[in-house]
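To start, the structure itself, in structure tokens.
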Amino acid sequence: MLTIDPIKKSNVVVKGNPSAQQTIIFSNGFGTELGIWDYVLEPFVKDYRIILYDLAGSGKADMNTFSANKYNSLRMYAEDLVDICERMLVKDAIFIGHSVSGMVGMLAAIKAPQYFSKMIFIGASPRYINIDDYVGGFTQEALNDLYQTMETNYFAWISGFAPMAMQNGDKPELAASFAQTLGAIRPDVAVSVVRTIFQSDYRSNLKELTKPTLLIHCDNDIAVPLVVGDYLNKHIPNSKLAVINAEGHYPHLSAPNEVIKAIQNFL
């Protein structure tokens with residue numbers, strides 16, 4: 001029995017067609033909130049019930065329910081997603097998750113497969129740290145420096161990180177918008193969440209995901225190199241890789257039409 005209302009806890013918002021036969025669940029990545037999906041929603045509002053929510057620690061999610069100890073694993077985020085599905089009477093939904101939400105959705109679908117029919121991951125990664133012959137894109141030393149920078153001066157870190165992660169220097173308003181949502185996160189929460197994300201390793205779980213899965217990756221993403229998309233495609237049994245012509249880690253913001261096209265082709 002759910003003791004905390006998952007609707008309030010995760011700031012669940014419902015859009016689209018309430019009488020539609022199928023539901024799409026959108027789940028945001030680090031540093032953003034559910035409004036990030038506004039750029040890609042329009043083609044789906046007529047034919048789908050759309051559920052949006054804020055990951056713990058982001059947007060308008062209830063901060064009273066967040067603690068670093070509780071959310072020291074992506075499995076707790078997956079529990080939140082399962083709770084939402086249970087409460088919203090979801091069945092066979094299409095899940096669309098950006099970045100960390102890719103692995104959150106994967107863990108939720110493994111735990112409670114009845115709630116999902118297809119999975120779409122945008123810029124997802126099962127592990128961010130290089131090890132042996134696996135390339136995740138980061139060294140542990142580089143991440144230690146990142147954590148220290150965030151802890152020392154979070155807002156100075158934002159000013160450098162936002163444009164670097166967003167890319168698209170010809171559209172500075174995108175980095176400015178991202179910096180604004182980053183700045184809305186409590187610094188201690190941001191550091192905790194980033195550590196949990198970057199220190200995670202869910203490579204061993206990939207084979208357990210049996211739902212048809214689309215992997216959308218940019219051809220130039222500083223956070224998740226394309227080789228990670230190839231790795232996911234190789235290790236998720238029923239997966240398809242779509243490499244889109246976009247730069248940065250947030251293509252649903254910078255290149256929404258490319259993302260929409262990839263999703264529609266898959267569905």
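All values below come from the heavy atoms of this structure, side chains included, with hydrogens, waters and symmetry mates left out. None of these values were measured; they are calculated from a predicted model.
Looking only at distances, a side-chain donor or acceptor of Tyr202 sits under 3.5 Å from a matching main-chain atom of Leu74.
Among residues two or more places apart in sequence or in another chain, the side-chain contact (heavy atoms from CB on, under 4.5 Å) test is passed with Ser159 by none. Asn144 meets the side-chain contact (heavy atoms from CB on, under 4.5 Å) test with Gln140, Tyr147; sequence neighbours excluded. Remark: Lys234 pairs with no residue by the side-chain contact (heavy atoms from CB on, under 4.5 Å) rule, at least two apart or across chains.
For Arg203 and Tyr134, the positive end sits near the middle of the six-membered ring, less than 6.0 Å away and at most 45° from its axis. Judged by a 6.0 Å distance limit and a 45° cone about the ring axis, Lys118 is not positioned over the six-membered ring of Phe95.
Pairs engaging residues 26-47 under the ring-ring contact (aromatic ring centres under 6.0 Å, His included) rule: Phe26-Trp37, Trp37-His252 [sequence neighbours left out]. Residues in residues 100-129 take part in these ring-ring contact (aromatic ring centres under 6.0 Å, His included) pairs, two or more places apart or across chains: Tyr128-Phe198.
With no hydrogens or angles considered, no side-chain donor-acceptor pair links Asn69 and Ser67 at under 3.5 Å.
Between Ala61 and Ala56 the shortest heavy-atom distance is CB-CA, 4.2 Å. Counting all heavy atoms, side chain and backbone alike, Ser192 lies closest to Ala68 at OG-CB, 3.3 Å. Nearest approach of Lys60 to Asn11, heavy atoms of both residues: CB-ND2, 3.4 Å. When every heavy atom of Ser99 is checked against every heavy atom of His249, the shortest pair comes out as OG-NE2, 2.8 Å.
Rounding to the nearest 0.5 Å gives a distance of 6.0 Å between CD1 of Ile4 and OG1 of Thr65. To the nearest 0.5 Å, atom CG of residue Asp83 and atom CD1 of residue Ile7 are 10.0 Å apart. Here the CG atom belonging to Asn28 is positioned 4.5 Å from the CG atom belonging to Leu55, to the nearest 0.5 angstrom. Expressed to the nearest 0.5 Å, how far OG of Ser239 lies from CG of Leu232 amounts to 7.5 Å. Atoms CD1 and CG, from Ile84 and Asp5 in turn, are 10.0 Å apart once rounded to the nearest 0.5 Å.
Taking a cutoff of 4.0 Å between a charged side-chain nitrogen and a carboxylate oxygen, Asp38 and Lys15 qualify as a salt bridge. A salt bridge links Asp80 to Lys9: one of the charged nitrogens lies within less than 4.0 Å of a carboxylate oxygen.
Within the 4.5 Å cutoff, no side-chain heavy atoms of His98 are placed close to those of Ser27. By the 4.5 Å heavy-atom criterion applied to side chains, Asn205 and Arg75 are counted as neighbours.
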Counting only pairs under 3.5 Å, give me each side-chain donor-acceptor contact of residues 170-188, with atom names and distances, residues two or more places apart or in other chains.
unit_1	atom_1	unit_2	atom_2	d
Lys171	NZ	Ser254	O	3.4
Thr181	OG1	Gly31	O	2.5
Thr181	OG1	Phe178	O	2.9
Arg186	NE	Asp188	OD1	2.9
Arg186	NH2	Asp188	OD2	2.9

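Atom NZ of Lys111 sits in a sparse spot, with 12 or fewer heavy atoms from other residues, nucleotides or ligands closer than 6.0 Å. More than 12 heavy atoms of other shown residues, nucleotides or ligands fall within 6.0 angstrom of atom CD in Gln264.
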Could you check Val45 against Ile50 for side chain to side chain contact (heavy atoms under 4.5 Å, CB included), going step by step and ending with a plain yes or no?
CA-CA 7 Å; Val45 294; Ile50 294 172; 3.8 Å; yes
